[in-house]
Amino acid sequence: MTGRAQKPRQGFELAMMSPALILLAAISFIPLFTMIWMSLTEVELIGGLSFSFIGLDNWARLFTDPGVRSSWILTIIYFVAVVGVEMILGTAMALLIHSLIRARNVVLSLVLIPMFIAPVIVGLLGRFMLDSSFGLYSWLLAEVGLYDGNILGTVGTAMAAVVGLNVWEWSPLIALIVLAGLASVPGDILEAAEVDGASYHHKLFYIILPSIVPILLVALLIRSMDAIRFFAIIFITTNGGPADSTKIIPIRLYDIAFRFFDLGYAAAVGLTMLVFSIVIANLFIQVLKRRGEAL
Amino acid sequence: MNALTQRLSGPIRILLVVVMLAWTLVPVVWMVLSSFKPDAAITASPPSILFTPTLEHYRALFSGGNNLWHNVVNSLIVAGVSTVIAVALGTMAGYGLSRIQIRGKNHLAFWIISVRMAPIAAVIVPLYLMFRYLHLLGSHTGLIVAYLSFNLPFAIWLMTAFFNDLPRDIEEAATVDGASKWQVFWHVGLPLMKPGIATTTILCFIFAWNDYAFATTFAGPETQTIPIAAAQLLTQTGIDWGKLLAIGTVVVCPMAIFGLLVKRWLVTGLTLGAVK
């Protein structure tokens, strides 16, 4: 919002916006309506596309399917673990990098590298580092006597591993965001606290963290939106196994759609996922509005 | 832990930095290093540090009947074209959106961000059906459209945020001097937007280049991208680790370099303009 009155004629601005917005409307509303329609039908792929309308059957199934329910529970565990650990680790990394005087830039650049790595390759790295016969990390864990089983092939450790891989890839993003927030912590208040003999603990919890709360919120929402958006890491490492212990909802959805080709039901499951992401997107807009940043 | 970093500065802080860098970099370094190992050394147990470096895995990637050039070309085509379309349209729309005064801008913002954030697993389902109907499965066009579904809203949103930050005085001065709105955009706004456009372009390209879910569903034998080639090698029995690690290195290194090129604007880009 510019806050300044402009000329009433805005034809130019509209003309600039329309190509992108028309294309965006086409690639968002057509799939959305297709999806809603699919969720009310049984989609038949063999012998040309055909739809038989079945009303709310898919939706009824959705609420009684124990597989979907257990996937949602796993999704919540996965989501809380990924986002929670990333927030804590990312903030710790940011505080550490912020405390550096020399080499801060180099260290930050090196720390950011995992963000640019394709999820498939993160999955590949997971398989490679955790391989039970030659993986470097498996070997290290066995040498120090912590664990010597097949990490990706065991219920429990497999979930820990996929959470760990996500944390590895995306904590740097939290660190980067928090670091931007730390630059705005009021220096004079910190100095005053120092003069008064405040401990670092005190400064951290009473000055630094409170003043970066808004930015922590942005970081939390950004990661919340992406945490279940991507699923390639799990796809590559465990594909939902062992014994469905990492089958979070996107993996389950993909299975329903492209292993069992039950596309109508998959659309219903997909729409529930969409509701989740829309709620978070809405929160994000609210936060931006409060910061006076939205569009 | 951080209470310590401040109080027990010096050695302990250095130790923590070393631990952080080890956590971050060991897997990447180990991948790159191992891609130069002979096969036996890659799967040696305990892991071997000393080996005679070899380029055989890279040679296997880019020569012979099974080479990966066509995967690289496919990746470049789909990531490149979707990025160019997203950034071109997104830059225009971003300028318009940041300058226009209309009611309901917040609804517009909400719509755009929702499209960007829609879960890929959910988007794949209707797109699959549409592409099947339109015979776009296995084509470059299908993948480009799929990538536009996240890159176009991203580019519109981010360019709007960048244009919002541009001071208006210069544009107003140009308008007073009699320049048309298009001239103001083209000769004044755009040249000042180089960092914003570069950041948006690089991030769009990385998102598309790194995609796996869309490509594994929509690509055909002729249009497979490199991540798909990597995934296929991984699901075979008797994994060719040397080749895989070489692919990993080829996929990762250029993106890490591109990403770090725009490090100064990364935080703006990756938070969709919420953090400057």
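Just so we're clear, the structure is a prediction, and the values are computed from it rather than from any experiment. Here is the naming used below: chain letters follow the sequence lines, and residue numbers restart at 1 for every chain.
Between B:Pro119 and A:Ile228 there is no side-chain heavy-atom pair separated by less than 4.5 Å. Looking only at side-chain heavy atoms (C-beta outward), A:Tyr254 and B:Thr216 come within less than 4.5 Å of each other. Residues A:Leu110 and B:Thr24 are not in side-chain contact: their nearest non-hydrogen atoms beyond the backbone lie 4.5 Å or more apart. Between B:Val125 and A:Leu253, some side-chain heavy-atom pair lies under the 4.5 Å cut-off. When side chains are defined from C-beta on, A:Met115 does not count as touching B:Ile206, because their heavy atoms never get closer than 4.5 Å. Side-chain contact between A:Ser28 and B:Trp111 is present, with heavy atoms from C-beta onward closer than 4.5 Å. Annotation: side chain of B:Leu234 is in contact with side chain of A:Leu124 (closest heavy-atom distance under 4.5 Å). The closest side-chain heavy-atom distance from A:Glu13 to B:Lys181 is below 4.5 Å.
To the nearest 0.5 Å, atom CG of residue B:Leu16 and atom CG of residue A:Leu95 are 11.5 Å apart. To the nearest 0.5 Å, the span separating CG on A:Leu21 from CE on B:Met92 amounts to 10.5 Å. To the nearest 0.5 Å, atom CG of residue B:Asn106 and atom CG of residue A:Leu288 are 9.5 Å apart. Distance CD1/B:Ile102 to CE/A:Met17: 4.5 Å, rounded to 0.5 Å. Interatomic distance, CE of A:Met16 versus CG of B:Leu89, reported as 10.5 Å (0.5 Å rounding). To the nearest 0.5 Å, the span separating CD1 on A:Ile121 from CG on B:Leu245 amounts to 9.0 Å.
For chain A, the option among B:Gly96, B:Ser180, B:Cys253 with the highest count of heavy-atom pairs below 4.5 Å is B:Gly96. Ranking A:Ile113, A:Val111, A:Leu108 against chain B, the residue ahead of the rest is A:Val111, based on heavy-atom pairs under 4.5 Å. If you tally non-hydrogen atom pairs under 4.5 Å between each of A:His202, A:Glu143, A:Met35 and chain B, the highest count goes to A:Met35. Ranked by heavy-atom pairs shorter than 4.5 Å toward chain B, the options A:Val122, A:Asn105, A:Ile256, A:Leu271 are led by A:Asn105. For the set B:Phe185, B:Phe150, B:Phe163, the entry with the most heavy-atom pairs within less than 4.5 Å of chain A is B:Phe185. Of the listed residues B:Val28, B:Val145, B:Ile124, the one with more heavy-atom pairs under 4.5 angstrom with chain A than any other is B:Ile124. Across A:Thr272, A:Ile249, A:Leu112, the residue that shares the most heavy-atom pairs under 4.5 angstrom with chain B is A:Leu112. Chain A forms more heavy-atom pairs under 4.5 Å with one residue of B:Trp182, B:Phe258, B:Phe207 than with any other, namely B:Trp182. The greatest number of non-hydrogen atom pairs below 4.5 Å with chain A, out of B:Leu129, B:Ile42, B:Leu21, is found for B:Leu129. The choice from A:Ala180, A:Gly135, A:Ser109 that makes the most heavy-atom pairs within less than 4.5 Å of chain B is A:Ser109. The most heavy-atom pairs under 4.5 Å with chain A, out of B:Val251, B:Ile228, B:Ile85, B:Thr271, come from B:Thr271. Contact tally against chain B (heavy-atom pairs below 4.5 Å) for A:Phe258, A:Phe134, A:Trp139: the top residue is A:Phe134.
Within the 3.5 Å criterion, the main-chain N or O of A:Phe12 finds no donor-acceptor partner in the side chain of B:Arg99. Although no hydrogens or angles enter the test, the distance criterion places a donor-acceptor pair under 3.5 Å between the side chain of B:Asn210 and the main chain of A:Phe116. Looking at B:Arg13, its side chain does come within 3.5 Å of a backbone N or O of A:Ser99 through a donor-acceptor pair.
For B:Thr91, no part sits under 4.5 Å from any heavy atom of chain A, backbone or side chain. Interface residue A:Ala257: only side-chain heavy atoms are found under 4.5 Å from chain B. Looking at A:Phe29, only its side chain comes within 4.5 Å of chain B, counting heavy atoms on both sides. For B:Val267, the parts sitting under 4.5 Å from any heavy atom of chain A are the backbone and the side chain alike. If you measure heavy-atom distances from A:Leu14 to chain B, the contacts under 4.5 Å come from both the backbone and the side chain. With a threshold of 4.5 angstrom between heavy atoms, A:Leu45 approaches chain B through its backbone and through its side chain. For A:Val218, the part lying under 4.5 angstrom from a heavy atom of chain B is the side chain only. Interface remark: A:Leu136 contributes backbone and side-chain atoms alike to the contact with chain B (heavy atom separation under 4.5 Å).
A search for side-chain contact (heavy atoms from CB on, under 4.5 Å) contacts involving A:Pro31 returns B:Pro126, B:Leu127, B:Met130, not counting sequence neighbours. For B:Ile14, the side-chain contact (heavy atoms from CB on, under 4.5 Å) test picks out B:Val18, with sequence neighbours left out.
When all heavy atoms of A:Ala20 and B:Leu152 are compared, the closest pair comes out as O-CD2, 3.6 Å.
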Steps toward side-chain contact (heavy atoms from CB on, under 4.5 Å) verdict (B:Met117, A:Ile280)
CA-CA 9 Å; B:Met117 290 308 171; A:Ile280 303 212; over 6 Å; no
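The aromatic rings of A:Phe235 and B:Tyr212 lie perpendicular to each other, with more than 60° between the two planes, well past the 30° mark. Between B:Trp241 and A:Phe128, the ring planes lie tilted relative to each other; the angle falls in the 30° to 60° range. Taking the six-membered ring for Trp and thresholds of 30 and 60 degrees, B:Trp157 and A:Phe284 have ring planes inclined between 30 and 60 degrees apart.
Taking the ring centroids of B:Trp30 and A:Tyr137, they lie at or beyond the 6.0 Å cut-off.
The environment of B:Tyr133 atom OH is sparse: at most 12 non-hydrogen atoms of other residues, nucleotides or ligands sit within 6.0 angstrom.
For the residue pair B:Trp23 / A:Ser171, no side-chain donor-acceptor distance below 3.5 Å is found, with atom types taken as modelled.
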